[in-house]
Trainee: 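Below is a structure I'd like to ask you about.
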Number of protein chains: 4
Amino acid sequence: MLRINNFEYSSRVLLGTGKYPDFDTQKAAIDVSGTEILTFSVRRMNIFEASQPNLLEKLDLAKYSLLPNTAGAKSAEEAVRIAKLARASGLCDMIKVEVIGCEKTLLPDPIETLKASEELLKEGFTVLPYTSDDVLLARRLEELGCHAIMPGASPIGSGQGIINRLNLSYIIEQTTVPVIVDAGIGTPSDAAIAMELGAAGVLLNTAVSGAKDPIKMALAMKLSIQAGRLGYEAGRIPIRRYATPSSPVEEMSHK
Amino acid sequence: MLRINNFEYSSRVLLGTGKYPDFDTQKAAIDVSGTEILTFSVRRMNIFEASQPNLLEKLDLAKYSLLPNTAGAKSAEEAVRIAKLARASGLCDMIKVEVIGCEKTLLPDPIETLKASEELLKEGFTVLPYTSDDVLLARRLEELGCHAIMPGASPIGSGQGIINRLNLSYIIEQTTVPVIVDAGIGTPSDAAIAMELGAAGVLLNTAVSGAKDPIKMALAMKLSIQAGRLGYEAGRIPIRRYATPSSPVEEMSHK
Amino acid sequence: MLRINNFEYSSRVLLGTGKYPDFDTQKAAIDVSGTEILTFSVRRMNIFEASQPNLLEKLDLAKYSLLPNTAGAKSAEEAVRIAKLARASGLCDMIKVEVIGCEKTLLPDPIETLKASEELLKEGFTVLPYTSDDVLLARRLEELGCHAIMPGASPIGSGQGIINRLNLSYIIEQTTVPVIVDAGIGTPSDAAIAMELGAAGVLLNTAVSGAKDPIKMALAMKLSIQAGRLGYEAGRIPIRRYATPSSPVEEMSHK
Amino acid sequence: MLRINNFEYSSRVLLGTGKYPDFDTQKAAIDVSGTEILTFSVRRMNIFEASQPNLLEKLDLAKYSLLPNTAGAKSAEEAVRIAKLARASGLCDMIKVEVIGCEKTLLPDPIETLKASEELLKEGFTVLPYTSDDVLLARRLEELGCHAIMPGASPIGSGQGIINRLNLSYIIEQTTVPVIVDAGIGTPSDAAIAMELGAAGVLLNTAVSGAKDPIKMALAMKLSIQAGRLGYEAGRIPIRRYATPSSPVEEMSHK
């Protein structure tokens with residue numbers, strides 16, 4: 001069970017809605033993934049322009065929590081404005097704060113992310129900030145009252161997976177709200193590693209939408225995130241330098 | 001579908017039967033894993049001594065293919081003798097050749113493994129050799145006619161996962177029979193990585209039997225092996241040095 | 001040539017003065033390392049208490065730039081106070097800003113580090129902040145006017161080496177002042193990797209002082225930092241998936 | 001001091017002579033590297049054809065031990081024949097056995113390598129086989145009487161560095177003759193890692209000859225191999241999950 005503020009989810013998959021080859025593939029991938037939380041860029045929505053095609057229109061939105069993000073914001077001010085637009089549309093209960101500091105790496109600006117999160121918390125939003133894996137920044141965000149912490153595994157869309165497992169596990173250790181790994185996941189095993197480290201969930205977009213077969217990859221991710229969580233709960237064997245026999249001599253019934 | 005010689009399996013999990021805390025846990029873990037192939041050490045069986053407790057007696061053996069292994073053999077001669085004992089018992093259709101060259105690392109002896117495999121193939125066995133990840137050794141084993149190649153990911157029971165992904169992927173590229181990763185797996189993500197590289201299956205023992213909750217870990221492994229296979233089939237995104245936006249500007253419906 | 005503000009150094013080794021087994025070993029290790037910049041904790045100095053033993057008294061301080069650090073500070077205010085104490089002692093030209101946010105990980109507090117750096121720059125210090133490998137934080141510190149950026153490779157004294165090469169290389173790409181890798185180095189190869197990525201220098205302490213033979217390790221670090229720099233300048237071969245012969249057939253003089 | 005059979009060397013660098021941009025660069029890189037052992041492909045030499053340009057003619061061969069290799073051999077028989085040709089030329093005291101099993105990966109054929117080594121040992125050669133990092137194969141080669149073991153770090157010319165540190169350290173632990181890492185090195189840090197693991201030497205070719213500046217890279221490699229060896233002897237600090245302060249509170253002289 002994933003709990004974010006007052007919301008409860010049985011799935012630990014958060015899925016982005018961008019860059020699918022077509023709407024039908026998008027819809028099928030979302031269905032198959034089992035996700036209950038859809039994230040999308042407010043700036044890409046036609047909330048206020050009815051003439052634009054609506055990327056979400058094929059989806060039965062009543063089935064999902066919508067997690068709009070502030071992609072495109074380069075300052076706290078912009079992020080706050082985008083979040084308020086989203087709320088005004090009546091669609092969303094939560095906001096993913098995303099303030100990008102660099103076009104090339106799409107890594108988050110720590111100061112503006114803190115500011116935007118603080119402001120939006122005051123405004124009563126349920127706030128999930130996308131952050132780097134800086135351990136003390138993540139702590140600050142939790143201290144502000146953020147409802148989840150979303151550290152990146154590696155740059156958005158890079159498919160590099162979890163570069164710094166140590167920082168991610170430090171963040172998980174210190175954090176009492178959910179830690180949801182966001183950005184950089186490339187493969188089902190990457191997602192499983194995040195969960196094995198104790199993450200509460202994984203947010204995916206490009207890894208699914210950019211796969212050769214997005215629908216099949218959505219299923220792969222669903223299963224691997226379940227597998228990773230179960231593996232975390234089941235308690236892995238220790239890592240040893242030398243071998244340990246699986247059929248030890250002392251257990252032999254005869255020789 | 002996993003095909004080994006004339007046998008077909010819908011599960012890609014191969015499970016060892018050693019070192020479970022008790023028979024009930026062993027049975028439940030095996031059930032939950034969905035495996036259709038059970039591996040066990042011939043030398044630990046009471047095939048020829050009815051007075052010994054039988055580690056497999058609680059299992060409905062009709063449901064599984066039995067894959068006895070020659071664990072304990074230090075030479076081709078011993079391995080061949082153990083294989084013949086297994087066949088004489090009427091239990092098995094296949095033999096996993098395991099000739100250990102070193103007590104500390106439990107790594108296989110390449111020359112004796114080749115010899116034993118050659119001999120057992122002549123005797124009509126379905127032969128699955130446990131081997132190192134030496135690429136040319138794996139090729140030799142396939143050229144002999146082995147029905148699957150089982151390279152170790154890391155030392156048996158070490159939980160170190162797949163150390164050399166390059167060699168494993170070279171072996172998978174060059175091999176036309178199934179490549180089943182054997183030994184060293186510690187976590188569901190390790191198993192998923194093997195499958196994402198294109199392995200046909202994964203053999204597990206300690207990672208499941210030695211987990212704090214073997215039954216839950218068995219389920220985790222089942223799901224991660226499915227996830228890894230689906231991920232392999234689905235075609236992962238490329239790895240990039242820099243980010244790629246999941247909500248690209250050029251797709252924005254308004255700004 | 002390493003340039004920090006108006007200072008020039010021919011060595012790229014920065015060496016800490018803490019935790020050596022004894023003063024003679026400390027002195028010899030410093031000599032052998034070739035370092036021209038010594039770092040030490042202001043709070044551990046007996047600058048203002050003549051009755052205390054002076055950890056630096058055996059050194060010919062005229063030979064070195066002294067880089068006092070603000071270790072022990074948990075806030076910008078404390079760091080600024082410590083820096084001013086150091087300057088009042090007349091010893092130093094530079095200050096390494098170190099504001100720790102967590103006792104267990106000794107990772108830096110980003111906000112307090114920014115504040116302290118800003119304040120000390122206003123006061124005319126040459127400021128070298130110890131920071132995480134957060135790319136945008138590093139950019140902010142440079143924008144403030146810091147004279148070098150000192151990202152940690154991994155937690156202080158952990159010996160884990162460079163966990164996130166990507167972030168380190170991003171920081172190096174974007175930064176025009178020297179990037180000096182600080183914290184976490186364990187081995188000569190770790191230091192060489194930092195230099196191969198383009199770092200301008202490496203700060204070492206525990207890796208040398210805590211080695212079994214600190215003097216020999218100091219020499220190893222000196223050589224590896226030179227080697228890494230030369231390797232960076234020499235331009236490495238590309239990484240290839242498959243082999244390329246070193247004795248190609250087409251060059252053969254006969255067959 | 002590196003000892004191979006009855007030969008002693010103060011340098012731990014072994015350098016290949018292939019693929020330099022020109023003879024002058026080759027000569028300068030060799031000089032700068034400090035190597036005392038030059039390796040070259042017998043098949044590329046004009047030993048028996050005086051009309052061919054001699055790749056080694058600019059070198060003062062009296063300064064070096066020559067280590068001809070059997071590159072191009074695909075069987076033990078070919079390797080033995082090439083080795084005998086080399087001996088007949090009167091140039092060499094040693095032979096590097098290289099029997100390639102695969103054109104794409106240039107990985108060694110284990111069985112033919114064993115056969116060729118056995119035969120050449122009988123013939124009185126000083127035999128240094130290029131082998132994979134298969135631990136038991138390395139043991140067999142030592143048991144035959146080989147005078148050094150030369151496991152590959154990764155495929156020849158790939159620049160991938162040391163993929164499997166565990167196998168390499170197992171081989172070093174078990175072997176009493178020198179273990180010289182051969183093939184796959186890309187950077188000075190790669191070479192340092194080999195030495196830190198306890199290797200007796202490193203053989204380089206493409207990493208130097210293919211660098212943008214081969215002469216500078218040759219110096220980088222010389223220094224990094226020295227650094228790695230010193231680091232091995234100096235005894236590295238342990239790796240810890242959490243930090244350890246370099247300026248501990250309990251040592252503070254005042255607060």
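Only this structure's heavy atoms are used, side chains among them; waters, hydrogens and symmetry mates stay out.
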Trainee: Which one, C:Leu107, C:Ile193, C:Ile100, leads in non-hydrogen pairs under 4.5 Å with chain D?
Mentor: C:Ile193
Trainee: Which atoms of C:Leu204 are under 4.5 Å from chain D, going by heavy atoms: the side chain, the backbone, both sets, or neither?
Mentor: neither
Trainee: How long is the span from the CG atom in C:Leu197 to the OG1 atom in D:Thr187, to the nearest 0.5 Å?
Mentor: 9.5 Å
Trainee: Looking at chain C, which one of D:Ile237, D:Ile215, D:Leu106, D:Ile239 has the largest number of heavy-atom pairs inside 4.5 Å, strictly under?
Mentor: D:Ile237
Trainee: If you take all heavy atoms of C:Ala227 and D:Ala220, which pair is closest and at what distance?
Mentor: CB-O, 3.2 Å
Trainee: So which atom in D:Ser189 and which in C:Ala192 form the shortest heavy-atom distance, rounded to 0.1 Å?
Mentor: CB-CB, 3.8 Å
Trainee: Could you report the tightest heavy-atom contact between C:Ala243 and D:Pro155, atom names first, then the distance?
Mentor: CB-CB, 3.9 Å
Trainee: For the candidates D:Gly184, D:Ala207, D:Cys102, which exhibits the highest count of non-hydrogen atom pairs separated by less than 4.5 Å from chain C?
Mentor: D:Ala207
Trainee: Let's go through C:Thr244 and D:Ile156 carefully: what are the C-alpha distance in whole Å and the side-chain angles of both, what is the deciding distance for side chain to side chain contact (heavy atoms under 4.5 Å, CB included) to 0.1 Å, and is it a yes or a no?
Mentor: CA-CA 6 Å; C:Thr244 54; D:Ile156 292 173; 5.7 Å; no
Trainee: Would a distance-only check, ignoring hydrogens and angles, find a side-chain to backbone donor-acceptor pair under 3.5 Å from C:Arg236 to D:Gly159?
Mentor: yes
Trainee: Need one label for C:Pro238: side chain, backbone, both or neither, based on atoms under 4.5 Å from any heavy atom in chain D.
Mentor: backbone
Trainee: If you count heavy-atom pairs under 4.5 Å with chain D, which of C:Gly157, C:Ala211, C:Ser158 comes out on top?
Mentor: C:Ser158
Trainee: Tell me which of these, C:Lys104, C:Met217, C:Lys212, has more heavy-atom pairs under 4.5 Å with chain D than the rest.
Mentor: C:Lys104
Trainee: Identify the two heavy atoms, one from D:Arg241 and one from C:Gln160, that lie closest to each other, and give their separation to 0.1 Å.
Mentor: O-NE2, 3.4 Å
Trainee: Any side-chain heavy-atom pair from C:Pro188 and D:Glu196 closer than 4.5 angstrom?
Mentor: yes
Trainee: Mind checking the CG-CG spacing from C:Leu230 to D:Asp213? Nearest 0.5 Å is all I need.
Mentor: 9.0 Å
Trainee: Under a 4.5 Å cutoff for heavy-atom pairs, which residue among D:Lys222, D:Arg240, D:Glu233, D:Glu103 has the most contacts with chain C?
Mentor: D:Arg240
Trainee: Taking C-beta and beyond as the side chain, do D:Gln226 and C:Leu219 meet within less than 4.5 Å on heavy atoms?
Mentor: no
